[in-house]
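Protein chains get the first letters and strands the later ones, always in sequence-line order, with residue 1 at the start of each.
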Protein chains: 2
Amino acid sequence: MDPAWQRSAVAQDLSFLLARSNALSLAVGNAALRDFGLKVRSYPVLSLACDDLRPTQRELADFLRLDPSQVVTLIDDLERQGLVERRPDERDRRSKVVVATSAGRRVCAAARAAVLDAEEHPFAVLSPEEREQLADLLRRVAFPG
Amino acid sequence: MDPAWQRSAVAQDLSFLLARSNALSLAVGNAALRDFGLKVRSYPVLSLACDDLRPTQRELADFLRLDPSQVVTLIDDLERQGLVERRPDERDRRSKVVVATSAGRRVCAAARAAVLDAEEHPFAVLSPEEREQLADLLRRVAFPG
DNA sequence: TATTGTTATACTCTATAACTATA
DNA sequence: TATAGTTATAGAGTATAACAATA
């Protein structure tokens, strides 16, 4: 059955292929992060906090294309697990800067390794060169301008 | 801000780039389909019904990686709009085959044109050759084996 | 007056289990 | 007994509006 279905009209759509690939990647990613109490949604927040960018919640919301209220609950979870802390922003007392704790840095490093390892599954069909090619193309779609 | 953030660790992950690209494509796709009473989730069902593959609900669930119960509600919607019909499968009376009505075919053709047109926005940064390259890479990820 | 973070709310999506009718 | 479709339900994700503190 599949061969004929793969020649169907929808299966040629870039948006359909993107959605399907993402669904696979999402499932694999969440499974890999489960051991660390993280999800595909919370891991980027922790990772950005670990990159010493001292992001405010507003900046995280903009970059991750999430509503500010969603960022609140993601950070609530990470803070409850002792992985990040909210610090007052000296330059603007309305803002709160998200910084990683030392525990957060350890968990993030381990989680990153697990994610990269898990990515082998959905992307194993591609060679290292093809993966880099795919990353380049997606980078331009994901970050136009 | 963005340039520094784009060099962050997560922004290098294939899974993150895929998720972000998909989020953009999803928003654009749903906006384009809204006029036709369709969504990114229901359009593939209608499109496959229009391809004369005479899919059963089970086959649709397998191909779209959806739970059979989700297929039920998607087809309920499409049937309520008069775009598809459930027909008994002569070969297995447990199964139901989903076929497009003539109205469904008209709507599907118009919706497909709108989707292809809307895809210009997220993928406009890529040349036609690059888009085909991206489609080839994603096809192999989305349909391994 | 505008913005940051927060709370509350509702709506969609996703996952699961149980039921029925057929095989 | 196993499978196709259905129903019901709960959890996760997403979007929106309103509010307090600060700019």
Side-chain angles (χ1 to χ4, degrees), chain A residues 1 16 19-20 22-31 33-34 37-45 49 54-80 84-99, chain B residues 1 15-16 18-20 22-31 33-34 37-45 49 54-80 84-99:
Chain A
M1 148 188 145
F16 178 79
R20 196 182 159 103
N22 184 56
L24 268 100
S25 161
L26 206 76
V28 168
N30 274 327
L33 290 168
R34 189 163 298 130
L38 298 171
K39 296 189 177 177
V40 167
R41 266 165 69 77
S42 55
Y43 167 68
V45 174
R54 299 184 69 78
T56 67
Q57 296 185 199
R58 171 65 53 170
E59 288 171 330
L60 286 169
D62 289 345
F63 186 70
L64 299 173
R65 290 182 183 275
L66 296 173
D67 189 88
S69 64
Q70 296 175 40
V71 175
V72 171
T73 67
L74 290 175
I75 297 180
D76 281 350
D77 282 347
L78 293 172
E79 205 168 33
R80 208 175 299 121
V84 303
E85 285 174 9
R86 279 182 243 239
R87 298 261 181 85
D89 187 347
E90 308 89 26
R91 309 201 283 188
D92 185 339
R93 283 189 296 172
R94 289 174 302 181
S95 301
K96 296 177 186 175
V97 163
V98 182
V99 297
Chain B
M1 150 187 145
S15 50
F16 178 80
L18 202 51
R20 195 181 159 103
N22 184 55
L24 268 99
S25 160
L26 206 75
V28 167
N30 274 327
L33 289 167
R34 189 163 297 131
L38 298 172
K39 296 189 177 176
V40 167
R41 268 164 67 78
S42 56
Y43 167 69
V45 173
R54 297 185 69 78
T56 66
Q57 296 187 200
R58 170 65 53 171
E59 288 171 330
L60 287 169
D62 289 344
F63 186 71
L64 300 174
R65 291 186 183 274
L66 295 173
D67 189 87
S69 64
Q70 296 175 40
V71 175
V72 170
T73 66
L74 289 174
I75 296 180
D76 282 349
D77 282 347
L78 293 172
E79 205 168 32
R80 208 173 300 121
V84 303
E85 285 176 7
R86 281 183 242 240
R87 299 261 180 85
D89 186 347
E90 308 89 26
R91 309 201 284 188
D92 185 339
R93 282 189 297 172
R94 289 173 303 181
S95 301
K96 296 176 186 175
V97 164
V98 182
V99 298

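Between B/Arg86 and B/Val97 the shortest side-chain heavy-atom distance does not fall below 4.5 Å. Taking 4.5 Å as the limit, every side-chain heavy atom of A/Lys39 sits out of range of all side-chain heavy atoms of A/Leu33. A 4.5 Å side-chain heavy-atom check between A/Val72 and A/Gln57 finds at least one atom pair inside the cut-off. When side chains are defined from C-beta on, A/Val71 does not count as touching A/Pro68, because their heavy atoms never get closer than 4.5 Å. Residues A/Arg41 and A/Leu74 meet the side-chain proximity criterion, which asks for heavy atoms closer than 4.5 Å. Here the side chains of A/Val98 and A/Ile75 are in contact, with some heavy-atom distance below 4.5 Å.
Per the geometry, CG belonging to A/Leu38 stands 13 Å off P belonging to D/dG13, to the nearest Å. The distance between atom CD1 of A/Ile75 and atom P of C/dT4, rounded to the nearest whole Å, is 14 Å. Following rounding to the nearest Å, A/Arg86 (CZ) and D/dA21 (C1') show an atom-to-atom distance of 15 Å. For the pair B/Asp62 CG and D/dG5 P, the computed distance is 10 Å after rounding to whole Å. Atom pair A/Glu79:CD and C/dG5:P shows a separation of 13 Å (rounding to whole Å applied). Distance CZ (A/Arg34) to P (D/dA12): 11 Å, rounded to an integer number of Å. Rounded to whole angstrom, the span from the CG atom of A/Asp77 across to the P atom of D/dG11 amounts to 15 Å. Nucleotide D/dT14 holds its P atom 11 Å from the CG atom of A/Leu64, rounded to whole Å.
In terms of modelled atom types and a separation under 3.5 Å, the side chain of A/Glu79 and the main chain of A/Asp76 share no donor-acceptor contact. Under the 3.5 Å distance criterion, the side-chain polar atoms of A/Asn30 are matched with a main-chain donor or acceptor of A/Val40. For B/Arg20 (side chain) and A/Phe63 (main-chain N/O), a donor-acceptor pair under 3.5 Å exists by modelled atom type.
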Anything under 3.5 Å between a protein N or O and an N or O of nucleotides 7-15 of chain C, put it in a table, one pair a line.
{"from": "C/dT14", "atom 1": "OP2", "to": "B/Arg41", "atom 2": "NH1", "distance (Å)": "2.2"}

Tabulated below should be each protein N or O lying under 3.5 Å from an N or O of nucleotides 2-4 of chain D; please produce it.
{"from": "D/dT3", "atom 1": "O4'", "to": "B/Arg94", "atom 2": "NH1", "distance (Å)": "3.3"}
{"from": "D/dT3", "atom 1": "O2", "to": "B/Arg94", "atom 2": "NH1", "distance (Å)": "2.9"}
{"from": "D/dA4", "atom 1": "OP2", "to": "B/Arg58", "atom 2": "NE", "distance (Å)": "3.1"}

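Residue B/Val45 forms a side chain to side chain contact (heavy atoms under 4.5 Å, CB included) with just one option from B/Asp77, B/Leu64, B/Val84, and that option is B/Leu64.
B/Asn22 CG to B/Ser15 OG: the interatomic distance, rounded to the nearest 0.5 Å, is 12.5 Å.
Where the helix from C/dT1-D/dA23 to C/dA23-D/dT1 starts and where it ends, the local axes point in directions that differ by 0°; five pairs per end, rounded to 10°.
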